[in-house]
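Remarks on the structure that follows.
In this chain, residues are counted from 1 in sequence order. Everything numeric here is computed off the predicted structure, so don't read it as measured data.
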Amino acid sequence: MASSLNLKKNYDVFLSFRGIDLRKNFIGHLYTALDQKGVYTFIDSEELMKGDQISAALMKAIEESRIAIIVFSEDYASSSWCLEEAAKIMECKEQGDLKVFPVFYKVEPREVRTPRESYNKAMVQHEFKFGKDSEKMKRWKKALFDASGLSGWPLNEGNESELIQEIVKKILTYLAQTSLHVAKHPVGIDSRVAKLKSMLNLKSHEDVVMVGLWGHGGIGKTTLSKALYNAILRQFDGSCFLANVREASKNSKDLVPLQEKLLFEISSLQQKLEVSNVDRGIILIQRRLCHKKVLLVLDDVDDLRQLEALAGGRNWFGNGSRIIVTTRDKHLLTYYGIDQDHMYEVTPLSYHEARELLSNHAFLTLQELEIRKNLVDNVLNHAGGLPLALEVLGSCLRGKREDVWESTLNKVSTIPNKTINEVLKISYDGLEENEQEVFLDVACFFKWEDSKYIKKVLESCNVQTTVGFDILIDRSLISIVDGILHMHDLIQLMGMDIVRQECRDDPRSRSRLWRYDDVADALSSDVGDCVVKAIVLEPPELKELSIHPNAFSKMRKLRLLILRNVHIPFHGSICLPNELRWMEFAGSGPWIPDFPSSQKKLVSIDMRKCNITEVVKHFKDFQQLRYIKLCDCELLISTPNISCTPNLEELKLRNCKNLVEAHESIAYHDKLQVLHFKWCPELCVFPNVLKSKNLRDLKLSNCPKLERFPDIIDELRGLKKLSIRHTSLKELPTSIKNLVSLEKIHLDMGTNPISRPSNNYKLQKLQWFKSFFCQIVFPNLWNSADPCMKIGLPNSNVSDLLNSNLSQVEFLEDLSCFPLLKILILSGNNITSLSTSIKRDCLSTSSISKDFKQLTYVKLSDCESLVITPNLSCAPNLKELKLWNCKNLVEAHESIANHDKLQVLHFKWCPELRVFPNVLKSKNLRNLNFSVCPKFERFPDIPHELGCLKKLSILHTAIKELPTSIENLVSLETMQLDICKNSVSIPSNIYKLQKLQFFKSAFGPIVFPNLTDSANPCMKVGLSNVTFLDLLNCNLSEVEFLEDLSCFPLLKNLLLSGNNITSLPISISKRDRLIELSISYCHQLQEIPKLPPFLKFLLANGCESLQTNGHLTSIDQWVHRGLTVVDTASIAKRLFPCTTFVLPKGEMPKWLQPVEDGFVSFMASKDLYDKFLGLIFCGVRNNEGDHCILCFRPYFNGKVYRGYGTRFLGSDPSGILINYFAPFDLWGAFPFDQIDGSYAQFNLKLESGFDLNLDSGVNLKEDSWVQGGEGVKKWGFRIICKQLEDDLKVTLRDNKLIDPAFLYEVGHDSTDPEVESLHVHGDNPIEMDQLKNLQESSHMLENRLIEFDLDCPPSSYELRGSIDMRYREFNYPGCFLPGDPRSLGNKKYKLRLEDYGW
C-alpha cells in the first residue's frame, strides 16, 4: 500500500455492508445524513458486485478513505466480497491509515467475534470452498475477530434515526481533527517521517513518549513535524499542533491563550475554556488530559517555561500519548528530560533532494533547459540543503533568465536574502553576549579552522569559548567534526550581515573587518576614532596593503589582528595598540611592528617574514605574552630573552635561516611548555643544560649544525615528547634518565649514528620509540651501570626502527626490556635472524613470565639479510606477522604453524622462501598470503579444522597441488590462486568448503575436479555458497565440473575467458542466478547453448570459432529476457542497469530498425510510456581500434536526463553489442504530472568513440574520448511493448507520435512457443512474484589495480605493459590481445603488493 504521506485521501467515509434491504433503509439514511453534513462517502454500486473477486476499484477506495464503517448484519459474512472488504479495512487500520467504526445491526458482537449462529454457518460454507486452514480463511477470521472488538454502535430494537445522528456526530468530531498543510512541494519528507515514527514507538500503548526535533532556523523542523502530525493524528483520542510557540508567548501571560487552545482542540469543546492564569491552566491540562491518549506538537519552543506550562510532565497525559517538541536549542530538550535516543537532529537535504526542491520552485516545465548546470549548482551550494533558502531563492528565480540568475547569486553571496536572514537571526538574538561574540568571530573569521586554534585565539581576547562552543552547537549554529569547526554558509552570511549592519558606509565603525576593501579603507588613514575590535584578512592571492603608520593608534578597542598573504610596502615602524591581544602576520614587506611604551596586553605574537627587532626590544613589557611563533625571520640571529615574559608557554621558531643561538633564558623558564626549532640551518649554540621544569614538548628538527643535546641536571617531570630529526647529534647524554615522564621519542634522519646510553632504560614511562632512516646504537640492558636496573622499558608498546641500519638486535635478547611491547617494526635493517633475539633456545620454563606477552604486530619489510623468521612462541598474543620483500628469507620458523593467536600471516615478494612448516595448526589464523614466492613448492597440510581462516591468497608460487586436507579450511570464504608457475591440481574435496564464496585462479594452468570425483558419497552440494568463479586463462580444455547443477548452485559471476574449451555445458541454461558470463577469447569455443534466463552480461568477443549466434540475437530471445524486468524498484537496485551481450562478428538482426545519424526521437503519452517494456539497441563495430565506448544519452523534452556508457570490448571486426534497457534505466520514474500537455518528447543520442583513459573505467565526459562514430558503423533500435489497445493505436496514428515500425508488441509475430506463452496474459505477461524472487542483484568485488614484476607468461589482459587485473572484477572484463597470449613469450610486469590479497 502506498504511504499515507503520499496517498491522497479522496473519501471521508467508506461504507461496508451486505444486502439490498439494508442499502434501501439504514445504509441509505446514513449515507444521506452524512452527505447533508458535507461528508464525502463512498458507497459501492450494485453493478460492481459481480463475481466472487473484490474489484481493484473497491480496494483503492478503501485505501483512499479516512474512516471505514463496517455494518455487521445477519448475512454480512455470507459474502466473500464483504469478508475481503473487512480484511482489507483491518489491514489499512493496522498500518495507521484508517479509522474503523463497527455497527452491529441486529447482531451481537460476540456472534461476529467467535463466530456464532449465522456467522458460524457462513464461515463453515467458506471453509468447505476455500479450505479450513487456507490463508484466506485465516485473514477473514482475524478481520472479524479484530473488528468486533472495536468501539462502535449496537442496534437491535432502538431508534435508527437517533443512532444515525450519533454516528454522524462522531464522524464529524473525528474529521474535525484536520490535517495540516505541510508544504507546496514536500521533498525528502517520507524517510524522515518514517524514522520519527520508529522513535515514537506507536505500537506501544502504555508509555507516554516524548520526542524532540532540533536544528537551526529554516532547516525544516516545522514542515517535518506537520508531516509527522498528519501521518499519525488519527491514532489518538485528541490532537493539537501549537505552532510558533516562541512568537506566541512573548511573556508568561501569553502562555494562557496557548493553554486555552490546547484544551479546546484536544478536548473537542464547543467553546473555548477560559483560563485565568498560567498556573490554573497547568491544573486544568493535568485534570482534563491525564486519562486521554493525545498527540501534542509544541513547535518552535525556546524557553523551558513554555514546556512547563504546556506539557510539564509525562503524567499530565494518558497512556499512549505522544509529545513532540521542535526547537533550535538541543540543550532545552536535555533539560526537559528527553534522552538522546529520542532526539532527532533535522539535517540539510541531500544534493538530489535539494535539486528536486529547487526545480519545483524555480523552473517552469521546460525552463530548466535554458539555465546552465553550473548556475543551478551554485544556487544549491549557496543554499546548502536548507529548505527555506531553496524555496525562497527558487521562487525568486522562477521564470528568470540566466543573467538574472547570475546577478541574484552575486547579490546573495554578500547581502543575504531578507526573508531567509530574518528566520536565521532569531537564533542569534536568543544568545547571551558572550555567545554572540563567539558566534560573530566564528562567522566572520574562523569557519573551517581548527577548533583548538580558535579557542586559543578567542580566549586570549577574554572570550569564554568552552561554554560558548557548547551553546552554539546546541543551537545548531556551529558543529565540530574531527576537530574542524563547521558553519552553514547562510548562517555565516547572517553573522557577517549583522556586523555589516553596524554601519553600512564606514568600515571603521564596525566591530569586525575581513574584506580587503574594508580593511584597506580603515588602515589607510588615522582620521577619527575607530571601534574595530578585530581584523582578519587573508586574500586568496598576495595583495599589497598600504597602512598609515598611525592607523592603529585610533583603534583603541582592537584586540585581534591577523594579516596573511599581504605585502606591506611601508618602510619604518607601524605602531600597534597596547590593547592588542593576538597578532599574526604572514606576509611580506619591510615594515617594523612597534608598540608604545607601558604594559602590553599581547598574549600571542606570530610573525612571518618580518623584522621583529623592535618587538624584541620591548619584551620586558610583555608580561601577558604566552605564545611566540617566528617564521622566516631572516634578521633574527638569537632568540629573544624570554626571562621578562614570565607567562610564556610556547616558543616556536621555523625557517629562521640566520638563527645561530638559542638564548640561555629558554633553559630556565618556569612556564615554558613547548619549545620547537625547525629548519634553522645555522643553529649551533644551545644552552648546555635544560631546567625548564614545565617543558612538555621539545622538538629539534632540521638543524644540521646542532651537535650537542643539553644535559638534564634535574628531573623534568613535564617533558613527554622529544623529537630530534636531521641534526648532527652523536649521542644522547646519560642525564636523559631525568626525563622521567617521557612518553615518546622520535629520532629521524640524523647525519651521524646516535648512541643511546644504557640508562635510557630508566625512562619507565616511555611508550613510543621511533627511529626512521637514522643509524642508532641501541644499548643492551646489562650494559647499564645501575645494578638496580632490572625491568628495562616497562611501558614501551611501540618500537619502530625503520631503516636504522641495524645488523643485530641484541637489546631484545633480554625479554624484560620491553614487557609491554605491542608493535615492533624492524623493516629496512640488516638483521639476519631474530631467532635468538625474540626467543632464546635456552629459555627456561620459569622465564615464560618475561615473554613478549603484549606483542601483537611484527613487520619485517626490506630486511634483505633476514634468513629465517623469528620464533614466535615467546609472543603468545601476536596477531599479525608481515614479511615483505625479504629477498634472502629462506625459512619460516616452525612456531608459525602452532601459534594460537596469530590472525594475519603474509609473505610477499620473498623469492627464496622454500622452507615452511609441514602442517598448519594456527587455529585463529584468518588471512594467509603467499605472494611472489617462486620457490615455495609445498602448501602445508591442515590436520585439524581451522575455523577462522577466511582468506587464502597464493600469487606466483611453485605449488603443484593443494593438499586434500584443505577441506579443513571450513570457514574459507575467498581463495585466490593466481599466476602459478606449475599446473596446480585441486583436490576434489574442495567441494567441502561450504562457506567459500569467491574463487579465483587466473593466469596459470589448474586442474579443477568434478563433484563426482569427491570421495565423500554424502556430498550432495558442491561449493554451495560460491557466487564468483574466476578461471581466467587457466588452460582449461573442458568444464565438466559445471555440468552438475548441484555444484555452485548460487553462482552469479562466471569468468572463463582465455581458455581452450570447445563447448559449455547445456545445463548452464538452468543456472537461474547467473548474471555474468565471460568467455572472451576462448578461440576453440564452437557453440553457446541456451543461456540462463536472468543473465545480464555476456562477453563473447574473440570467439572466432563460434558457428552461429543467431539464437542469441533473435527477437524472441530479447523479448523473453526483457520480460524478466518487472518493477522499477528492482531495476533501480540492479548492479547491471541493462542486459548486455558482446558477440563476435555477425550481421545486424533484421528485426531491428536502422538508426540514421545516431539519433532516435519519438513522442509518448503516459498511457503509451506505461506500455513500454524495454528499449533494445544494437551496435556493429567497424574494423578500427581495439576498444570502443558506446554511450546512450537520453533526453526528455530536450533535457539530458542521465547518461549511460558501456565499453565495447575486443578487436573483432564487425563485432556486435546488444543492450536492453528498461525505460526506468534511461528516464527513471518519469514525472508526467509535471509536464504541460499530454505528450512528452523523448530523444536518444547514440554515440561511440575510442576511450582515451582506459584506466579510469567508463567515462561519459565528452572530453575524455573521441566521438563521431569511429567505433560503430551501424546502429539498430526497437521498443518492446505490451499490446496496444485500439484507441491508443488510433491516437498514435492520428497524432503521429511515433514511427510504428519502432514498436514490437508482445504477443505478435513471435515464433517462439515459450515467448508466446508469456504473451497471452496481456498486462500481466509473467508471474511477477516469481520473477521478483528470482531477480537478484549482483555484487561487484572491490579490487584495486594489481601490477606485478616477474617472469611469467603475459596474459590477454595486457594493457600498456602491465597486467590490469581490475577488470576481472568489474562488469566489463578488460582489454584483450588477439591470438593465444601464451605464445608471445615472457615479459616483466609490476605488482603493488600492498593491494593484493587484502
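From Arg1071, atom CZ reaches atom CG of Leu1077 across 11.0 Å, with rounding to the nearest 0.5 Å. We find the CD1-CG distance between Ile1280 and Leu1173 to be 8.0 Å, quoted to the nearest 0.5 Å. Taking CG of Leu1023 as the start and CG of Leu1050 as the end, the distance is 10.5 Å to the nearest 0.5 Å. Taking CG from Leu1051 and CD1 from Ile1075, the interatomic distance works out to 10.0 Å, rounded to the nearest 0.5 Å. Distance CE/Met123 to NZ/Lys132: 11.5 Å, rounded to 0.5 Å. The line from CD1 of Ile1298 to OG of Ser1165 is 10.0 Å long, rounded to the nearest 0.5 Å.
Checked for salt-bridge contact, Glu1285 and Lys1171 meet the test: a charged N lies under 4.0 Å from a carboxylate O. A salt bridge links Arg23 with Asp44: the closest approach of a Lys/Arg side-chain nitrogen to an acidic carboxylate oxygen falls below 4.0 angstrom. The pair Arg139-Glu84 counts as a salt bridge, with a side-chain nitrogen and a carboxylate oxygen less than 4.0 angstrom apart.
Residues that satisfy the ring-ring contact (aromatic ring centres under 6.0 Å, His included) test with Tyr229, not counting sequence neighbours, are Phe241.
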(message) For a side-chain contact (heavy atoms from CB on, under 4.5 Å) check, start with the C-alpha distance between Trp140 and Phe130, then their side-chain angles and the critical distance, and finish with the verdict.
(response) CA-CA 12 Å; Trp140 290 351; Phe130 299 108; 3.7 Å; yes
(request) Kindly determine whether Phe26 and Ile164 satisfy side-chain contact (heavy atoms from CB on, under 4.5 Å), including the steps that lead there. (result) CA-CA 8 Å; Phe26 178 77; Ile164 288 172; 3.8 Å; yes
(request) Verify side-chain contact (heavy atoms from CB on, under 4.5 Å) between Leu1042 and Ser1067, making sure each step is shown before the conclusion. (result) CA-CA 8 Å; Leu1042 292 173; Ser1067 61; over 6 Å; no
(message) Checking Phe42 against Leu58 for the side-chain contact (heavy atoms from CB on, under 4.5 Å) test, could you report, in this order, the C-alpha distance in whole Å, the side-chain angles of both residues, the deciding distance, and whether it holds?
(response) CA-CA 9 Å; Phe42 180 91; Leu58 279 181; 3.2 Å; yes
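With hydrogens and angles disregarded, no donor-acceptor distance shorter than 3.5 Å links the side chain of Ser79 to the backbone of Tyr76. A donor-acceptor pair is defined here as one N or O able to donate and one able to accept, closer than 3.5 Å; no such pair exists between the side chain of Thr1027 and the backbone of Lys1052. Side-chain atoms of Gln125 never come within 3.5 Å of backbone atoms of Ser78 as a donor-acceptor pair (strictly under, hydrogens ignored). The backbone N or O of Leu180 sits less than 3.5 Å from a side-chain atom of Asn230, completing a donor-acceptor pair. In this structure, the side chain of Ser321 engages the main chain of Lys292 through a donor-acceptor pair within 3.5 Å. No donor-acceptor pair under 3.5 Å is formed between the side chain of Ser204 and the backbone N or O of Asn201. Looking only at distances, no side-chain donor or acceptor of Thr114 sits under 3.5 Å from a matching main-chain atom of Glu111. Remark: the backbone N or O of Cys82 is not paired with any side-chain donor or acceptor of Arg18 at under 3.5 angstrom.
Between Asp1072 and Pro1093, some side-chain heavy-atom pair lies under the 4.5 Å cut-off. Counting only heavy atoms from C-beta outward, the side chains of Phe14 and Glu85 approach each other to under 4.5 Å. The closest side-chain heavy-atom distance from Leu98 to Glu91 is not below 4.5 Å. Side-chain contact check for Arg110 versus Arg116: some heavy-atom pair is nearer than 4.5 Å. The closest side-chain heavy-atom distance from Ile1176 to Trp1151 is below 4.5 Å. Between Leu1168 and Thr1291, the closest side-chain pair of non-hydrogen atoms is not below 4.5 Å. Residues Arg322 and Leu295 meet the side-chain proximity criterion, which asks for heavy atoms closer than 4.5 Å. Here the side chains of Thr1139 and Lys1096 are in contact, with some heavy-atom distance below 4.5 Å.
Residues Gln994 and Ser1024 bring a donor and an acceptor atom of their side chains to less than 3.5 Å of each other. There is a side-chain donor-acceptor pair under 3.5 Å between Asp1044 and Ser1046.
Under a cut-off of 6.0 angstrom, the local environment of CD in Glu74 is sparse, with at most 12 non-hydrogen atoms contributed by other residues, nucleotides or ligands. Other residues, nucleotides and ligands place more than 12 heavy atoms under 6.0 Å from the NZ atom of Lys293. When the shell of 6.0 Å around CD1 of Ile1066 is examined, it contains 12 or fewer heavy atoms from other residues, nucleotides or ligands.
Listed here is the closest heavy atom pair of Asp12 and Arg66: OD1-NH1, 2.9 Å. Residue Ala77 comes nearest to Tyr119 through the heavy atom pair CB-CD2, 3.4 Å, listed as atom of the first residue, atom of the second, then distance. Between Tyr31 and Thr41 the shortest heavy-atom distance is CE1-O, 3.5 Å. Shown here for Pro102 and Ser151, the closest heavy-atom pair between the two residues is CD-O, 3.3 Å. Cys92 and Ile62 make their closest contact through SG-CG2, 4.0 Å (heavy atoms, listed as atom of the first residue, atom of the second, distance). Contact detail for Ala87 and Ala143: the closest heavy-atom pair is CA-CB, 3.6 Å.
Ring planes of Trp1118 and Tyr1220: parallel class, angle under 30° (limits at 30 and 60°). Aromatic ring pairs are classed by plane angle as parallel below 30°, tilted from 30° to 60° and perpendicular above 60°; the pair Phe104 and Phe72 is parallel.
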